[in-house]
Chemist: 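Pasting in a structure now, in structure tokens, and then I'll have a few things to ask.
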Amino acid sequence: MRVVFMGTPAFAADILVELAQQHEVVAVYTRPDAVRGRGAKREASPVKAVAEKLGLEVYAPQSLRDEQEQQTLKSLAPDVICVAAYGMILPKSVLDIPPYGCLNVHASLLPRWRGAAPIERAILAGDAQAGVCIMRMEEGLDTGAYCVRRATDIADKSAKELFDELANLGARALLTGLSLVEQNGAEWVEQDESQATYADKLGKCELFPSVSDTAEVFVRKVCASSDAHPSRCVLAERTVSLMSAAVVSDGPSRELCAGIASGEVRFVAKRLFLGVADGAVEVFALKPDGKKEMDARSFAAGIQGIKRGGYTWRAFND
């Protein structure tokens with residue numbers, strides 16, 4: 001099939017690689033170059049970088065509501081438009097261009113978590129599973145019927161791990177969906193509106209843990225974090241981003257944390273524990289501001305005189 005692909009982040013770039021191996025990708029649409037991370041340098045999106053390596057033509061319009069942009073897209077004569085985390089609304093005039101419609105790889109088990117941050121919201125809510133759906137796009141926000149649905153257990157996976165896994169699942173699901181659509185064999189499942197939830201964008205400080213958090217909430221914030229939305233706190237008077245942590249639940253670990261107070265830092269048996277509202281969490285990896293990521297033992301070794309009950313931690317107010 002002649003495919004126009006639309007996407008922006010690494011999640012979409014991984015899907016594009018698989019798609020280009022199986023179909024004729026006649027063009028790739030992505031968001032314009034932007035400042036990404038620190039500094040004022042403008043960088044290409046991950047999708048643009050991959051598309052250029054694959055030798056694919058790239059378009060980066062500011063909007064798809066412009067009539068000339070729509071004519072350009074129409075001239076590409078796509079059989080189908082495939083979308084994955086593009087970050088731009090497609091007007092009806094664009095949705096109507098391809099004869100096989102527009103298919104979206106949405107990273108949730110629709111109708112749960114429509115919107116911008118489905119993976120992070122699934123983690124924060126304590127969902128047992130996350131997944132992807134191949135959805136037929138319409139004018140509403142992620143309201144279309146889907147023809148392929150794939151799920152995976154969240155367990156203790158980080159957002160990055162889930163993004164990578166769901167990108168792989170999404171790529172395979174998209175190829176299946178395209179085959180079904182081309183053969184007119186897709187069975188479309190309408191979403192149950194009564195079950196719909198919305199995955200709003202993460203707030204700037206939303207993943208910063210607090211001493212009033214339960215252990216489960218604390219760990220979910222860490223698991224849902226990323227470079228764009230770090231889980232930051234002040235630990236032993238040093239501002240750090242927490243990279244990996246777990247709820248203290250087993251017997252031996254609980255013994256090491258006996259009597260730990262909320263806000264207390266305890267380094268014992270070469271392990272780092274933080275007291276929270278209902279017990280303790282163990283921190284495995286963290287990144288002090290201005291330094292590289294390190295394990296808990298290395299962090300503690302850099303704090304002179306650390307000892308049982310000697311330091312505290314608190315929320316970081318950015």
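We use all heavy atoms of the structure for the numbers below, so side chains are in, but hydrogens, waters and symmetry mates are not.
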Chemist: Set out, in order, the CA-CA distance, both residues' side-chain angles and the distance that settles side chain to side chain contact (heavy atoms under 4.5 Å, CB included) for Lys287 and Val240, then state yes or no.
Modeler: CA-CA 5 Å; Lys287 183 180 180 299; Val240 302; over 6 Å; no

Chemist: Considering all heavy atoms of both residues, which atom of Glu69 and which atom of Ser63 are nearest to each other, and what is their separation?
Modeler: CG-O, 3.7 Å

Chemist: State whether a side-chain donor-acceptor pair under 3.5 Å links Trp113 with Asp142.
Modeler: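 The answer is no; no qualifying pair exists.
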
Chemist: At their closest point, which heavy atom of Ala277 faces which heavy atom of Ser262, and how far apart are they?
Modeler: N-OG, 3.9 Å

Chemist: Salt bridge (Lys or Arg N to Asp or Glu O under 4.0 Å), that's the test. Do Asp164 and Lys160 meet it? Break it down for me.
Modeler: CA-CA 6 Å; Asp164 291 344; Lys160 183 183 185 308; 3.0 Å; yes

Chemist: Nearest 0.5 Å please: distance from the CG atom of Leu235 over to the OH atom of Tyr311.
Modeler: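 Interatomic distance, Leu235 CG to Tyr311 OH, rounded to 0.5 Å: 11.0 Å.
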
Chemist: Taking Glu161 for the side chain and Ser158 for the main chain, is one N or O donor matched with an acceptor at less than 3.5 Å?
Modeler: yes

Chemist: Would you say Val219 ends up clustered with Leu286 if hydrophobic residues are merged whenever their side chains have heavy atoms under 4.5 Å apart, either directly or through other cluster members?
Modeler: yes

Chemist: Which class fits the ring pair Phe11 and Phe163: parallel under 30°, tilted 30 to 60°, perpendicular over 60°?
Modeler: perpendicular

Chemist: Hey, are Arg232 and Asp289 close enough for a salt bridge, meaning a charged N less than 4.0 Å from a carboxylate O?
Modeler: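 Looking at Asp289 together with Arg232, the answer is yes, because their closest N to O distance falls below 4.0 Å.
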
Chemist: Are the side chains of Pro98 and Asp79 in contact, using a 4.5 Å heavy-atom criterion?
Modeler: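 Not touching, per the 4.5 Å side-chain cut-off.
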
Chemist: Any side-chain to backbone donor/acceptor pair from Glu264 onto Ala261? Under 3.5 Å, distance only.
Modeler: yes

Chemist: Look at the side-chain heavy atoms of Ile, Leu, Val, Met, Phe, Trp and Tyr, link any pair under 4.5 Å apart, and say whether Val132 and Leu16 land in one connected group.
Modeler: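 Shared cluster, yes.
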
Chemist: Under 4.5 Å between any side-chain heavy atoms of Glu120 and Glu206, yes or no?
Modeler: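 They are not in side-chain contact.
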
Chemist: Check the side chains of Thr8 and Ser45 for a donor-acceptor pair under 3.5 angstrom, ignoring hydrogens and angles.
Modeler: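 Note: Ser45 and Thr8 side chains miss the donor-acceptor criterion.
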
Chemist: With a 4.5 Å heavy-atom cut-off, do His23 and Leu178 have their side chains touching?
Modeler: yes

Chemist: Centre-to-centre under 6.0 Å for Phe218 and Trp313, is that the case here?
Modeler: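 Between Phe218 and Trp313, the centre distance is under 6.0 Å.
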
Chemist: Would you please test Leu103 and Ile81 for side chain to side chain contact (heavy atoms under 4.5 Å, CB included) and show each step?
Modeler: CA-CA 6 Å; Leu103 300 183; Ile81 293 175; over 6 Å; no

Chemist: Step by step, would you call Arg114 with Glu193 a salt bridge (Lys or Arg N to Asp or Glu O under 4.0 Å)?
Modeler: CA-CA 11 Å; Arg114 297 172 178 174; Glu193 290 293 325; 2.9 Å; yes

Chemist: Under a 4.0 Å N-O cut-off, is there an ion pair linking Arg112 with Asp127?
Modeler: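 Looking at Asp127 together with Arg112, the answer is yes, because their closest N to O distance falls below 4.0 Å.
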
Chemist: So if you build clusters from Ile, Leu, Val, Met, Phe, Trp, Tyr with side-chain heavy-atom gaps below 4.5 Å, do Tyr59 and Met6 land together?
Modeler: yes

Chemist: With Lys201, which residues qualify under side-chain contact (heavy atoms from CB on, under 4.5 Å), at least two apart?
Modeler: Ala116

Chemist: Val283 versus Phe267: any side-chain heavy-atom pair under 4.5 Å?
Modeler: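 No, too far: nothing below the 4.5 Å cut-off.
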
Chemist: Does any donor atom in the side chain of Ser179 or Gln183 lie under 3.5 Å from an acceptor atom in the other side chain?
Modeler: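 Note: Ser179 and Gln183 side chains meet the donor-acceptor criterion.
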
Chemist: Using side-chain heavy atoms (C-beta onward) and a distance below 4.5 Å, is Glu57 in contact with Val28?
Modeler: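 Glu57 does not reach Val28 side chain to side chain.
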
Chemist: Strictly distance-based, threshold 3.5 Å: is any side-chain N or O of Glu282 a donor or acceptor partner for the main-chain N or O of Val247?
Modeler: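 It does not hold such a pair.
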
Chemist: Determine whether a donor-acceptor pair (N or O, by modelled atom type, separation under 3.5 Å) exists between the side chain of Asp192 and the backbone of Ser194.
Modeler: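 Indeed, once roles are kept as given, a pair shorter than 3.5 Å links the two residues.
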
Chemist: Within the distance-only criterion (no hydrogens, no angle test), does the side chain of Arg266 pair as donor or acceptor with the backbone N or O of Ala258 below 3.5 angstrom?
Modeler: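 Checked: pair present.
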
Chemist: How close do Ala84 and Pro9 get, heavy atom to heavy atom, and via which atoms?
Modeler: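 That would be O-CD, 4.5 Å.
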
Chemist: Determine the minimum heavy-atom distance between Ala167 and Ile15, stating which atoms define it.
Modeler: O-CG1, 3.6 Å

Chemist: Group every Ile, Leu, Val, Met, Phe, Trp and Tyr by side-chain heavy-atom contacts under 4.5 Å, then state whether Met137 and Val189 land in the same group.
Modeler: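 Yes, Met137 and Val189 fall within the same hydrophobic cluster.
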
Chemist: Is there a side-chain contact between Ser231 and Phe208 in this structure, where contact means two heavy atoms from C-beta onward sitting under 4.5 Å apart?
Modeler: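 No, too far: nothing below the 4.5 Å cut-off.
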
Chemist: Under 3.5 Å, is there a donor-acceptor pair linking the side chains of Ser93 and Arg65?
Modeler: no

Chemist: Start with the C-alpha distance between Val50 and Asp14, add both sets of side-chain angles, then the distance that settles side chain to side chain contact (heavy atoms under 4.5 Å, CB included), and finish with yes or no.
Modeler: CA-CA 9 Å; Val50 166; Asp14 291 345; over 6 Å; no

Chemist: Do Thr152 and Lys157 have a side chain donor and acceptor closer than 3.5 Å?
Modeler: yes

Chemist: Do Leu95 and Ile89 share a hydrophobic cluster, counting only Ile, Leu, Val, Met, Phe, Trp and Tyr and linking them when any side-chain heavy atoms are less than 4.5 Å apart?
Modeler: no

Chemist: Does either side chain, that of Ser298 or that of Asp295, offer a donor lying less than 3.5 Å from an acceptor on the other one?
Modeler: yes

Chemist: Quick one: SG on Cys102 to CD1 on Ile97, what's the gap to the nearest 0.5 Å?
Modeler: 8.0 Å

Chemist: Can you tell me how far apart CG (Leu166) and NE2 (His106) are? Round to the nearest 0.5 Å.
Modeler: 10.5 Å

Chemist: Using modelled atom types only, decide if a donor and an acceptor are shared between the side chain of Arg149 and the backbone of Ile134 within a distance under 3.5 Å.
Modeler: no

Chemist: Any sub-3.5 Å donor-acceptor pair from Arg314's side-chain atoms to Ser210's backbone N or O?
Modeler: no

Chemist: Could you measure the distance from the CD atom of Gln129 to the CG atom of Leu109? Nearest 0.5 Å is fine.
Modeler: 6.5 Å

Chemist: Verify side chain to side chain contact (heavy atoms under 4.5 Å, CB included) between Lys74 and Gln70, making sure each step is shown before the conclusion.
Modeler: CA-CA 6 Å; Lys74 191 173 184 178; Gln70 293 177 15; over 6 Å; no

Chemist: With Glu24, which residues qualify under salt bridge (charged side-chain N to carboxylate O under 4.0 Å, His left out), at least two apart?
Modeler: Arg2

Chemist: Can we say Glu18 and Arg172 salt-bridge, meaning some charged N sits less than 4.0 Å from an Asp/Glu carboxylate O?
Modeler: no

Chemist: Donor-acceptor check, side chain of Asp278 to backbone of Ala215, threshold 3.5 angstrom: yes or no?
Modeler: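 Flag set: sc Asp278 to bb Ala215 pair under 3.5 Å.
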
Chemist: Testing the basics here: between Glu52 and Val58, what is the closest heavy-atom pair and its distance to 0.1 Å?
Modeler: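 Between these two residues, the closest heavy atoms are CG-CG2, 4.3 Å.
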
Chemist: Could you measure the distance from the CZ atom of Phe273 to the CG atom of Leu256? Nearest 0.5 Å is fine.
Modeler: 5.0 Å

Chemist: Do Glu139 and Leu90 have side-chain heavy atoms sitting under 4.5 Å apart?
Modeler: no

Chemist: Go through the side-chain N and O atoms of Ser253 and Asp250 and say whether any donor and acceptor fall under 3.5 Å apart.
Modeler: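 Yes, Asp250 and Ser253 have a side-chain donor paired with an acceptor closer than 3.5 Å.
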
Chemist: Give a yes or no on whether the backbone of Gly144 and the side-chain of Gln191 come within a donor-acceptor separation of less than 3.5 Å.
Modeler: yes

Chemist: Might you confirm whether atom CG of Leu141 has over 12 heavy atoms from other residues, nucleotides or ligands at distances under 6.0 Å?
Modeler: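 Result for CG/Leu141: enclosed.
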
Chemist: Do you know which two heavy atoms are closest between Pro209 and Leu242, and how far apart they sit?
Modeler: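 Taking every non-hydrogen atom into account, CG-CD1, 3.9 Å.
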
Chemist: Do the non-hydrogen side-chain atoms of Trp188 and Arg136 ever get within less than 4.5 Å of each other?
Modeler: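 Contact flag for Trp188/Arg136 side chains = yes.
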
Chemist: Which value, rounded to the nearest 0.5 Å, describes the distance between Leu274 atom CG and Leu272 atom CG?
Modeler: 5.0 Å

